[in-house]
Amino acid sequence: MAGNMKVDRFCGNCGSHNLYEYPLRMFCSTRFDKGKNPIVETLWCCDDWNEVSQECYCVREASRLKKRNHSRR
Amino acid sequence: MRREDFLKNPVEHVKIGSSMTIDELMRQFRGSGSFGAGRLAAACDTYEKMLRDPECTIFLALSGAVVPAGLRTLVKDLLRSKLVDVIVCTGASMVHDAIEAVGGRHYRGDWLVNDGELYKYHIFRIYDIFVPEEDFVRLDYRLSGIYDEIAADRRGGSLGSNEFAWELGKRLKDSDSILRVAYEEEVPIFMPAVRDSEFGFIHWLHSSQQRDKEILLVDAFKDVPTICGIFGASPKNGMVVIGGGVPRNAVQSAAIASKKGLDYAIVVTTDHPEAGGLSGSTLKETVSWGKVKGDADKVMVNGDATMIFPLITASVIERLGVDFKRIPYLKRVKSSGRSVD
């Protein structure tokens, strides 16, 4: 993230994330490298989290979608 | 030359009809013979001559985003109809094909768009075409598994880029895929700069995971004797170049190395010669190297290949007619049992 603002840590704002099914599921290159299942939830997080170099909409869009899905129930 | 020799061919003015076919339009362009229209008409004539020449092997050199721009089916159909014998292309061209082969798509977009916004949505732009990042990622994931399979089959042995392309084509089930059809029709696809594409990064993924398993080895140097062998075995050779760059250079270099020189050449490019780059270099210049023969049938068409290449192929296919059947020279020789070495 730009600047020193403290951010909530999610797969969707981690430097290892790539899209798999926008916006809810991501492909994690770090997990792939370790031989683990690389498909992760956007709003999940693990100890390997690292800062992303440029901000994107993944967390925002996944949170919105999750909120919308909850409110429909 | 005498003065009257310069004034033999008056410009015929283009006449447009309401039910005109593409080839009829190209013939009108031939009559005008001027500027881009004249060159386009000449390119149609040259491609027709290549196809009707029973001794000619035809190389298609592809660079640029031909597949994203909608020419995937056209190229695939040329292979299926045996109107092209060898493809030499960038790795990216076949990456784009493979993306669609595993279910991805390219989307019509706009070049007047906020690219920062696209970045945040993980959408990549190729001028006015959009590609979602997940289509690349799914390809990476799928192909890294295919790389594992190929490496296990080869047990440490290396492949030329053409062998690699067929190994991919064998494993892609999409019947519209260029890679798949090339494998089925035994059309070699050479990718001399294969590492400079997503194929290279997929290799990184594959090799980072392998631990003590076999690693896929693609050796582009192995291509050299193979492509030169094709040139050498063919009495005549022709090239159709879309763009230029490494693919055009690879074809022309093989023409020199095999001491054959090209008999036919069509180049479609937006580049110009003044900067000294290969993509814009004139076919006249290639004669100085021996890449193209001095008396070759050759033409350069300056313009956007997404318009020009379909026009050339549509015109020529119309001329050839539905009954035209071409058996490539090297396939005829092979089926007759004669050696092509």
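Chain identifiers are assigned alphabetically (A, B, ...) following the order of the sequence lines, protein sequences preceding nucleic acid strands; residue numbering begins at 1 within each chain.
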Is the shortest heavy-atom distance from the side chain of [X] to the side chain of [Y] under 4.5 Å?
X	Y	value
A:Y20	B:E134	no
B:Y121	A:C58	no
B:F136	A:L19	no
B:H122	A:Y57	no

Could you tell me the separation between the [atom1] atom of [X] and the [atom2] atom of [Y], rounded to the nearest 0.5 Å?
X	Y	atom1	atom2	value
A:F32	B:S144	CZ	OG	3.5 Å
A:S29	B:W204	OG	CH2	8.0 Å
B:D140	A:N18	CG	CG	8.0 Å
B:Y119	A:C56	OH	SG	7.0 Å

Should we say atom [atom1] of [X] is surrounded by more than 12 heavy atoms from elsewhere, each under 6.0 Å from it?
X	atom1	value
B:R171	CZ	yes
A:D8	CG	no
B:K222	NZ	yes

side-chain hydrogen bond (donor to acceptor under 3.5 Å, both in side chains) assessment of B:E133 paired with A:Y22
CA-CA 9 Å; B:E133 183 187 278; A:Y22 185 82; over 6 Å; no

Under 4.5 Å from any heavy atom of chain B - which part of A:E21
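For A:E21, backbone and side chain are both near chain B.
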
